[in-house]
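Worth knowing before you read on, the calculation uses all heavy atoms, side chains too, and leaves out hydrogens, waters and symmetry mates. Sequence lines set the chain letters: A, B, ... in the order given, protein chains first and strands last, and positions in each chain run from 1.
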Protein chains: 2
Amino acid sequence: MTGIRRLAQHLDISIGTVSRALNGRPDVNEETRRKVLEAAAELGYVPNQSGRSLRQGTTNIIGFMMQTGTEITGQGDTFFMSVFDGVQTVFARHHLDLVALLCSSEEDPDDYLRRVVARGFADGLILSATQRHDPRFEFLAKRKIPFVTLGRSLTDVGQPWLDLDFEGMAQTSIDRLVAKGHRRIAVTRPHDDINLGHLFVDQSARALAAHGLTLDPDLIFSSKPNEAGGYHVAQQLLAKKDRPTAILLVNETIAIGFYRGLSEAGLKPGRDIAVIGRQSPQSHFLSPSLTGFTLSRRDLGIALAEALLATMPAFSHFYPDAELRKIWPEDLVEGESDAFSLPG
Amino acid sequence: MTGIRRLAQHLDISIGTVSRALNGRPDVNEETRRKVLEAAAELGYVPNQSGRSLRQGTTNIIGFMMQTGTEITGQGDTFFMSVFDGVQTVFARHHLDLVALLCSSEEDPDDYLRRVVARGFADGLILSATQRHDPRFEFLAKRKIPFVTLGRSLTDVGQPWLDLDFEGMAQTSIDRLVAKGHRRIAVTRPHDDINLGHLFVDQSARALAAHGLTLDPDLIFSSKPNEAGGYHVAQQLLAKKDRPTAILLVNETIAIGFYRGLSEAGLKPGRDIAVIGRQSPQSHFLSPSLTGFTLSRRDLGIALAEALLATMPAFSHFYPDAELRKIWPEDLVEGESDAFSLPG
DNA sequence: CATAGTACCGTAAACGTTTACGGTGATCGA
DNA sequence: TCGATCACCGTAAACGTTTACGGTACTATG
């Protein structure tokens with residue numbers, strides 16, 4: 001005798017009533033409900049998730065898909081941990097659990113997702129590292145699995161998304177640097193086809209064009225999103241004959257390596273080259289201090305969770321006016337790294 | 001008509017045979033097995049996990065419990081991502097999935113674990129951030145849930161564990177610094193009751209004692225395991241009248257903040273104070289280069305997975321001689337940060 | 001008092017698997 | 001030819017829930 005049956009026997013009532021009492025159904029006497037809850041606590045009863053989800057086709061789990069490989073690690077770390085925390089605070093209100101679905105670097109992300117969905121693992125999903133053309137979107141849409149993405153994509157199936165304001169960052173940065181007299185400005189972009197790279201580079205080019213300048217294709221540096229990538233960017237940059245006077249770093253983690261690369265060549269950000277990047281817990285301890293964009297990762301996680309729940313029938317009424325598609329604003333924190341300016 | 005029943009109907013055989021074919025049972029004709037597998041692939045059939053786990057009481061999921069809070073983030077980031085990758089490569093061989101169980105910073109870890117277990121969420125667990133006295137151990141042992149911990153504890157319920165060699169690191173570091181003439185050596189430790197702090201500090205004291213020296217309680221700095229913690233340690237250290245000439249940093253992430261704190265006061269590691277810490281992807285880009293310990297996180301993950309599986313009846317025969325309790329060796333990478341030495 | 005309505009509860013089916021058990025036809029040895 | 005063995009397959013129960021449905025006792029209403 002296990003589970004709900006044990007509880008029912010202990011109370012000498014039917015399992016149906018026990019279930020109703022526990023699930024807050026109206027048609028159960030408040031007195032018996034009290035007894036049931038009491039006994040459940042006493043016996044440490046927790047509903048078996050397999051039985052429950054088999055019956056209702058729902059798992060109370062939301063999956064956040066991530067890759068465990070070392071390549072993506074650079075941006076996967078503390079950033080997501082903080083986002084998770086925001087997501088959790090929202091989910092906790094609805095008794096939903098968040099788990100990170102860890103796709104091994106050895107497995108194809110699309111295959112992995114297929115498996116997860118077919119198994120009926122989660123009621124909803126959060127995707128990140130969205131590719132420019134992302135087959136996962138259509139797959140999920142076809143199966144009617146609610147999901148939200150952190151990152152826009154050209155593949156649009158009507159799902160909600162949140163994204164960082166890469167275009168705004170590009171625009172603001174370029175305007176700022178041009179105002180300081182810079183004409184030859186470099187940008188970085190991730191090495192893969194992740195969508196944010198396109199957004200950032202394209203907008204940088206447009207912003208430069210608005211000032212009558214062009215983005216030299218030779219000054220677009222691809223880099224892996226980690227410290228080593230930044231170091232490599234510095235090396236590439238230093239090898240150029242006609243060195244740029246300013247650079248935009250799209251990724252948060254590469255600044256550290258980039259600084260190191262510069263300093264090994266005797267160069268200093270803010271004195272010899274203007275650098276604008278993005279803030280992170282690590283970058284706060286760079287010297288000279290980094291001029292860069294910042295945002296509340298926790299708030300981002302909250303918004304992400306709300307956008308997802310707003311599209312799930314069971315929860316949508318809680319979030320009637322959630323922002324389903326939002327470009328998240330970022331603030332520029334002024335540091336010393338872009339102090340370098342050129343005579344008008 | 002769904003699931004296995006659909007598949008069976010499509011092939012015009014019974015669901016029992018389909019199930020046996022898919023699960024590799026011996027008593028099924030190889031020809032029919034081929035047909036079943038073919039049809040399964042064609043129709044994209046994947047067994048429903050709820051049904052399966054309800055029946056067999058097993059989930060094929062291993063959970064890695066983590067906290068999402070920002071405090072622990074400092075050590076939760078890239079370190080675990082790499083460990084995950086190693087764990088995954090082992091699990092993939094057995095069709096086990098690894099998920100990260102994200103305990104919100106707002107929830108008590110013990111309560112969270114209780115919930116996870118009661119729900120029958122995972123077949124096995126990996127715990128990290130082990131406390132000196134960790135109630136989770138006894139709880140899991142009582143329920144006979146297989147688990148392995150990353151980190152020793154005073155609470156021993158016979159479970160396998162792997163741990164970093166904090167005592168070895170302390171010993172090696174102290175010996176090395178004493179040989180360079182240092183007498184007044186500071187150490188750091190995590191701010192909470194996590195076990196590794198005790199191991200590290202105690203062994204440092206013993207190692208000093210072996211040289212006839214003592215560990216000044218005033219030179220034991222508690223810090224949060226992140227960059228800000230390191231910065232704070234530097235400030236505390238600089239405020240001492242009788243400043244130590246060397247310091248051991250137990251955590252990987254604090255070096256960056258510590259460096260920054262020193263440099264703001266015009267001090268330089270390796271010139272004004274000897275620093276020994278632990279390597280991380282970030283620390284590679286510190287200047288002067290950090291003398292510190294390193295290890296293969298991926299291999300650690302592999303060993304962790306093997307130790308866990310060795311204690312699970314269904315898999316133990318695959319790992320007859322897995323190391324169930326191992327202190328993981330680390331290598332010292334010599335950098336410039338401990339170049340500072342004192343006259344004999 | 002008869003009827004309708006209400007509040008509460010028990011019964012049993014259903015979710016999708018796995019697997020013990022039994023059954024069928026074929027092969028084989030005597 | 002006949003039983004025994006074997007390879008293979010179908011049947012049905014079971015895992016722990018939820019929930020539609022129906023039933024009972026009580027209350028209200030006329």
Side-chain angles (χ1 to χ4, degrees), chain A residues 1-37 39-40 43-61 95 115-123 143 314, chain B residues 1-37 39-40 43-61 95 115-123 143 314:
Chain A
M1 192 71 62
T2 62
I4 201 173
R5 226 168 295 266
R6 191 163 101 83
L7 198 53
Q9 173 166 305
H10 180 255
L11 289 164
D12 198 34
I13 56 179
S14 78
I15 62 171
T17 304
V18 174
S19 176
R20 278 188 294 263
L22 291 172
N23 292 15
R25 292 286 139 112
D27 55 344
V28 50
N29 188 296
E30 281 308 322
E31 170 64 11
T32 55
R33 188 196 304 279
R34 194 188 53 73
K35 282 193 208 156
V36 170
L37 291 175
L43 301 190
Y45 169 77
V46 176
N48 177 292
Q49 187 59 37
S50 303
R52 167 177 280 184
S53 55
L54 178 59
R55 170 62 215 235
Q56 8 185 64
T58 201
T59 63
N60 284 337
I61 291 175
H95 301 287
R115 244 179 51 222
V116 166
V117 167
R119 279 175 140 210
F121 190 91
D123 293 347
R143 311 272 164 136
Chain B
M1 191 73 60
T2 62
I4 201 172
R5 227 169 295 266
R6 192 162 101 84
L7 198 53
Q9 173 167 302
H10 180 256
L11 289 164
D12 198 34
I13 57 179
S14 77
I15 61 170
T17 304
V18 173
S19 176
R20 278 188 294 263
L22 291 172
N23 292 17
R25 291 286 139 109
D27 55 346
V28 49
N29 188 297
E30 281 308 321
E31 170 64 11
T32 56
R33 187 196 305 279
R34 194 187 55 73
K35 283 194 211 153
V36 170
L37 291 176
L43 301 189
Y45 169 76
V46 176
N48 176 292
Q49 186 59 37
S50 302
R52 169 177 277 183
S53 57
L54 178 58
R55 170 62 214 235
Q56 359 186 73
T58 200
T59 63
N60 284 337
I61 291 174
H95 302 286
R115 244 179 50 222
V116 166
V117 167
R119 280 176 138 209
F121 191 91
D123 293 346
R143 310 273 164 135

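- Counting all heavy atoms, side chain and backbone alike, S53(A) lies closest to T58(A) at CB-O, 2.7 Å.
- Taking a heavy-atom distance under 4.0 Å as the criterion, the stretch of DNA chain D touched by chain B extends 5' to 3' from dC8(D) to dG16(D).
- Applying a 4.0 Å cut-off to non-hydrogen atoms, the residues of residues 19-29 of chain B that approach DNA chain D are R20(B), D27(B), V28(B), N29(B), listed by residue number.
- Residue pairs meeting the side-chain hydrogen bond (donor to acceptor under 3.5 Å, both in side chains) criterion with at least one member in residues 23-32 of chain A, sequence neighbours excluded, are E30(A)-R33(A), E31(A)-R34(A).
- Less than 4.0 Å separates DNA chain D from at least one heavy atom of each of the following residues of residues 48-56 of chain B: L54(B), R55(B).
- Taking CD from Q49(A) and CD from Q49(B), the interatomic distance works out to 12.0 Å, rounded to the nearest 0.5 Å.
- Two residues are said to be in side-chain contact when any heavy atoms from C-beta on lie closer than 4.5 Å; R52(A) and N60(A) meet this criterion.
- With values rounded to the nearest 0.5 angstrom, T2(A) atom OG1 is found 9.0 Å from Y45(A) atom OH.
- Nearest-nucleotide positions on DNA chain D for I13(B) and R5(A) put I13(B) closer to the 5' end.
- Shortest non-hydrogen contact noted between T59(B) and G120(B) is CG2-O, 3.2 Å.
- Residue pairs satisfying the side-chain hydrogen bond (donor to acceptor under 3.5 Å, both in side chains) criterion with at least one member in residues 7-16 of chain B, sequence neighbours excluded, are listed as follows: S14(B)-T17(B).
- Taken from CG in N48(B) to CG in L54(B), the straight-line distance is 10.0 Å, to the nearest 0.5 Å.
- In this structure the side chain of I13(B) reaches within 4.5 angstrom of the side chain of V36(B), judged on heavy atoms.
- For the pair F121(B) and I61(A), the tightest heavy-atom approach, listed with the atom from each and the gap, is CE1-CD1, 3.0 Å.
- In this structure, CD1 in I15(B) is found 10.0 Å from CZ in R20(B), a value given to the nearest 0.5 Å.
- Looking at heavy-atom distances under 4.0 Å, G3(A) makes contact with sugar-phosphate atoms alone, never a base.
- For the residue pair A40(B) and L22(B), the shortest heavy atom distance occurs at CB-CD2, 4.1 Å.
- Note on the helix from dC1(C)-dG30(D) to dA30(C)-dT1(D): terminal axis deviation equals 50°, with five pairs used at each end and the result rounded to 10°.
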